[in-house]
Amino acid sequence: MFKRLSTKLLNITIASLCRTKQLEKAETAIIDGIRLGILPDVVTYNTLMTGYCRVVGFDAGYSILQRMKEAGVNPDVVTYNSLMAGANRQSSLFQCFDMLEEMLNMEIVPDLWSYNTLMHSFFRSRKPDEAYRVFQKIILQNISPCQATYNTLINGLCKNGYISNAVSLFRNLRSYGYLPEIITYNILINRLFKSGEFTSAMKLFDELRDSGYVPNAITYTTVMKYCFRRKYINKGLEFFFEMKSRGYTYDAFAYCTVVGALLKSGRIQDANKCMTNMVKNGYELDVVSYNTFINMYCKEGKLEDAYQLLDKAEKRGLDCDKYTHTILIDGLCKAGNIDGAKRHLNYMKMLGFDCLVALNCFINGLCEVGQIDYALKIFQSMDVKDSFTYSSLIQNLCRVKRFHQASKLLLSCIRAGMRILRSDQRAVVNGLNLLGLKNDAAKLAVEIQTAKLLHY
DNA sequence: CTAGGGTTAG
């Protein structure tokens, strides 16, 4: 009896340590427990495994499976659900599937959560048909879906372009005996915004309030973000004040959203005040918060402070991401430090990050200092480009009246199926006209129309 | 074990 109670206590300790990412301490606690004769059980290992999946990754989590077998503890359905979730977190459908198969081979019966996770994994990998088949399997096996099943389904349908199906599922939830939760609203509101349906999303937001729910931090952060995107800065800020008045400032998500918008709209002092408030709240900075801070310093022109912060983040053991480096490269370009930007870009490449946005910033920076031909050379060396890449070059080619080159780029952009700013298109056509090249201008206009027909 | 929110370039 005493021992069972102790294992329970051990498990609570491990859970708390894993939640706060203190894996080493969790390991120590297990060893200390064994010394005292408290043996870890399946729950101990499952908890530890979840921790490793979250903090390190799937492989690290999977290695726990070996350890538990060696310790003579048999894995159960939760073990495999946890591994499936770990695989899903790093978007590995095949590993998720492997885990399901391994579970079946071990004659462990999958439960609702196994299917929820598998469905989620299919949706994430853009396989909506397979995902839906998992849902049907749940129903056919007479397992009662839970709220999360429907939430996952609604989110996945939206993500894969079936918004109207998701909306009607949402509307029918009551008839299946489920009340939409706040999380269900949040999912649909976010997805409606993401697909450009601003008005419907805002309507659903009102409906959420009318249904007697109080929006939570996630609802507010979502709504704010898309208000800001539409340049409704003050409207977004009103929501921020409203959420603050409700006490929802326990994490950095809202602050980063607000500061990002303030920086974009040039309200740098306000951004600074906001960040100061965030720090005052005592929240420990994570990578995104650092990025936002670094971005602020760059916009203030304080590159040295920005680099000092990068240093601090790295010393704290945080893994900087592609945003961190892109922000710095853009900062260097905007400060006119092309050599520095080039150096940082090489460093970023060496680290293996996706450099598309950083390269776009660099191209922009090169054009800004008149090195268009160098920018074109970079452009040609890129194997992935987007409309931003084209846009910078087209605008700058127009600026120096190289309209023929601009029109070539414009056409290849549209032919590659990318949307491009109307103002860019006009600039090229008008430019040719201005030079008296009426025929070329007319021809380009026709070619643009034809290319668009094929793609939009 | 689980579903929803944040940061980059025109």
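Protein chains get the first letters and strands the later ones, always in sequence-line order, with residue 1 at the start of each. What's counted below: heavy atoms across the whole structure, side chains too, no hydrogens, waters or symmetry copies.
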Problem - Distance-only donor-acceptor check, side chains A:Tyr62 and A:Glu102, under 3.5 Å - result: yes

Exercise for the section: Name the nucleic acid region contacted by A:Arg54, choosing base, sugar-phosphate or nothing; use a 4.0 angstrom heavy-atom cut-off, strictly under. Expected result: sugar-phosphate

Completion exercise
5'-most to 3'-most nt of DNA chain B touching chain A (<4.0 Å, heavy-atom partner on protein side) reads B:dC1 to B:dG10

Exercise for the section: Looking at every strand, decide which applies to A:Asp251 at a 4.0 Å heavy-atom threshold: base, sugar-phosphate, or nothing. Expected result: base

Exercise for the section: Select base, sugar-phosphate, or nothing to describe what A:Asp386 touches, counting heavy atoms under 4.0 Å on all strands. Expected result: base

Exercise for the section: Classify the nucleic acid contact of A:Thr324 as base, sugar-phosphate or nothing, counting any heavy atom under 4.0 Å across all strands shown. Expected result: nothing

Exercise for the section: Kindly assign one of parallel, tilted or perpendicular to the pair A:Phe379 and A:Tyr390, based on the angle between their ring planes and the thresholds 30° and 60°. Expected result: perpendicular

Practice task
Tell me what A:Ala358 touches on the nucleic acid: a base, only sugar-phosphate, or nothing, going by heavy atoms under 4.0 Å.
Solution key: nothing

Practice task
Just call it for A:Ile327: base, sugar-phosphate, or nothing, with non-hydrogen atoms closer than 4.0 Å on any strand.
Solution key: sugar-phosphate

Sequence neighbours excluded and cut-off under 3.5 Å, please list the side-chain donor-acceptor pairs for residues 346-355 of chain A, or say none.
residue	atom	partner	partner atom	Å
A:Asn346	ND2	A:Lys342	O	3.4
A:Asp354	OD1	A:Leu356	N	3.1
A:Asp354	OD2	A:Lys322	NZ	3.3

Practice task
Just call it for A:Asp286: base, sugar-phosphate, or nothing, with non-hydrogen atoms closer than 4.0 Å on any strand.
Solution key: base

Exercise for the section: Answer with base, sugar-phosphate or nothing: what part of the nucleic acid does A:Asn116 contact at a heavy-atom distance below 4.0 Å? Expected result: nothing

Practice task
Identify whether any heavy atom of A:Lys159 sits under 4.0 Å from a base atom; if not, whether one sits that close to sugar-phosphate; answer base, sugar-phosphate or nothing.
Solution key: nothing

Practice task
Provide the full list of side-chain hydrogen bond (donor to acceptor under 3.5 Å, both in side chains) pairs with a residue in residues 214-223 of chain A, sequence neighbours left out, each pair given once.
Solution key: A:Asn186-A:Asn216, A:Asn186-A:Thr219, A:Asn216-A:Thr219, A:Tyr220-A:Glu242, A:Tyr220-A:Arg246

Handout entry: Worked check of side-chain contact (heavy atoms from CB on, under 4.5 Å) between A:Ser211 and A:Tyr185
Key = CA-CA 11 Å; A:Ser211 315; A:Tyr185 275 100; 3.1 Å; yes

Handout entry: Sugar-phosphate only, base, or nothing, as touched by A:His325 at under 4.0 Å among non-hydrogen atoms
Key = nothing

Problem - Pair A:Phe239 + A:Phe205: ring centers closer than 6.0 Å - result: yes

Practice task
Mind checking A:Thr219 for me? I need base, sugar-phosphate or nothing, with any heavy atom below 4.0 Å counting as a touch.
Solution key: nothing

Practice task
Using only heavy-atom distances, determine whether the side chains of A:Asn46 and A:Ser82 contain a donor-acceptor pair under 3.5 Å.
Solution key: no

Handout entry: Sugar-phosphate, base or nothing in reach of A:Thr222, heavy atoms under 4.0 Å
Key = sugar-phosphate

